[in-house]
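Take a look at the structure set out below.
Chain identifiers are assigned alphabetically (A, B, ...) following the order of the sequence lines, protein sequences preceding nucleic acid strands; residue numbering begins at 1 within each chain.
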Protein chains: 2
Amino acid sequence: MNALIEQAITGADKTFFQMRSDIVEGEIEAGSKLSETELSTKYGVSRAVVREAINRLESCHLVERKPNIGARVVALTPEGLIQLYQARESLEGMAARLAAKNMTDEEIEQLNELLNTHFQEVKGGETYYQEAGDVDFHYRIILGSKNKHLISLLVNGLYHLIRMYRVQLGMAGPRVSTAFDEHKNIVKAIRNRDEELAEMLMRRHILYSQQNIEARLQ
Amino acid sequence: MNALIEQAITGADKTFFQMRSDIVEGEIEAGSKLSETELSTKYGVSRAVVREAINRLESCHLVERKPNIGARVVALTPEGLIQLYQARESLEGMAARLAAKNMTDEEIEQLNELLNTHFQEVKGGETYYQEAGDVDFHYRIILGSKNKHLISLLVNGLYHLIRMYRVQLGMAGPRVSTAFDEHKNIVKAIRNRDEELAEMLMRRHILYSQQNIEARLQ
DNA sequence: TTTGCTTTAATTGTCGACAATATAGGCGTA
DNA sequence: TACGCCTATATTGTCGACAATTAAAGCAAA
């Protein structure tokens, strides 16, 4: 179902995935300090692999490192969330534009099918899959852009941070039907190969989402 | 002059900066394999710091690493350049939009002064400073966005790769006067706090630049 | 009591050695 | 000769120990 199958080759991979998950899920709490020795005993590996994992987490913008001092998990702030959505808006907007240009007819058809199954689930009240479905939708468009920089920046970079905000500030649930309509219109634009419209609709979709979240934080 | 003063704290920092420079300048040639032992003797440090430097270079999209196989400097291809400019267009477009919103009047005034000195240099035929001036202009707007994700993605991420293309495919020089006018109009939009126009003009400016480069590659 | 300095402890940075994996070459067989 | 297998070599991954830097504790003086 999900086109993203990250598999761990080395031990550092495994530790990185584990730590990333723990941070996103809040098991390692936001803003906390990451002690290398402590983590090495916790995950049962040497400090070297913990250090490599931390370096990669820094690339994801999930932790911040200061020389000779150490690494901390990022703090979740309203400003940070807004800035994150601004970056996301620009990148995913361009991704939608390029998807309208570069996705094959077959890929677009599969995207449409995803939307249909998603619709059935929403109608059935399965709000659990709503989150996963939304993520999957956005992933496909990002991959559909076929631009490796956009893919890397979003999938390996910002998306886990977005998920961290979602999980820890607990914002999934509402906005289901309207978001679904927005998805539908985006696919329609992509199907019509209307790059301009696809980008505009994606940007508005993300902007609405941002505003919805902002409203709920207050 | 340049607001970016990266200073090396640890030895890994120094090695990272050195390697990055060597890659961008082409001293370590594009597409070549990076041997950890070889580099550790070359730079006179242990393999651990070379590994850390390589990890950071991967974050910059300057090298690609494969588990148990090793790291290679990225290859410079026409497709890669186009994709790079697409990502840049979206990010810097958003940066210009936010700069129009978030830069202080004083910062805008300084930006305008930069443009004036730049104009004098162009008139005097100092094509050497044209490159640096252009980079400085874009840097200021990126920083002016005050969005840490945009700043990080561009300054620490894509900009060195862009520079690598510029240096190694040798594309500086022409397009001076037109680019200068485009810069002027962008500043005018920012000064008027016209976010929409600032973004549009920046995107076109980068798109023109991309097309100009593409044309020269053929 | 509070401020500043000195000493001590803890953490990060760096190193060389060993283990695991991948590549290259040689050998044997079809 | 060509193909596949096996061995040998080289490279990357991982580890524990030491060095350098920072944070903390204790003491002394105002």
For [X], check side-chain contact (heavy atoms from CB on, under 4.5 Å) against everything at least two apart and list the hits.
X: B/R47; value: B/E36, B/T37, B/S40, B/R51
X: A/A53; value: A/T15, A/F16, A/M19
X: B/H160; value: B/R20, B/V24, B/L62
X: A/A12; value: A/T10, A/V49, A/E52, A/R56

What integer distance in Å separates [X]:[atom1] from [N]:[atom2]?
X: B/N55; N: D/dT12; atom1: CG; atom2: P; value: 13 Å
X: B/E38; N: D/dT11; atom1: CD; atom2: P; value: 8 Å
X: B/K14; N: D/dA20; atom1: NZ; atom2: P; value: 14 Å

task = Using the side-chain hydrogen bond (donor to acceptor under 3.5 Å, both in side chains) rule, collect all pairs that involve residues 21-31 of chain B, keeping only residues at least two apart or in two chains.
result =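 Every side-chain hydrogen bond (donor to acceptor under 3.5 Å, both in side chains) pair that includes a residue of residues 21-31 of chain B, provided the two are not neighbours, is B/Q18-B/D22, B/D22-B/Y43, B/E25-B/R163.
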task = Looking at every strand, decide which applies to A/I9 at a 4.0 Å heavy-atom threshold: base, sugar-phosphate, or nothing.
result =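 Contact class for A/I9: none.
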inquiry  = Just to be sure I understand the rule, does B/I54 reach a base, reach only the sugar-phosphate, or reach nothing, if contact means heavy atoms closer than 4.0 Å?
reply    =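 Touches nothing.
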Short side-chain N/O contact from B/K33 to OP1 or OP2 of D/dA10, under 4.0 Å =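 For D/dA10, neither OP1 nor OP2 has a side-chain N or O of B/K33 closer than 4.0 Å.
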request  = Return the residues of residues 60-75 of chain A meeting this criterion: a heavy atom under 4.0 Å from some atom of DNA chain D. Order them by number, or give none.
outcome  =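 Within this stretch, A/N68, A/I69 sit under 4.0 Å of the strand.
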inquiry  = Any carboxylate oxygen within less than 4.0 angstrom of a Lys/Arg side-chain nitrogen, looking at B/K146 and B/E107?
reply    =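 Yes.
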inquiry  = By the ring pair (Phe, Tyr, Trp, His ring centres under 6.0 Å) test, which pairs, at least two apart or in different chains, include something from residues 52-73 of chain A?
reply    =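 For residues 52-73 of chain A: A/H61-B/H149.
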N/O to N/O distances under 3.5 Å, protein versus nucleotides 14-17 of chain D:
| from | atom 1 | to | atom 2 | distance (Å) |
| --- | --- | --- | --- | --- |
| D/dT14 | OP1 | A/G11 | N | 2.4 |
| D/dT14 | OP1 | A/A12 | N | 3.3 |
| D/dC15 | OP2 | A/S46 | N | 2.9 |
| D/dC15 | OP2 | A/S46 | OG | 3.0 |

Ring pair (Phe, Tyr, Trp, His ring centres under 6.0 Å) involving B/F137 - partner list, sequence neighbours excluded =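 With neighbours one apart ignored, the set is B/H183.
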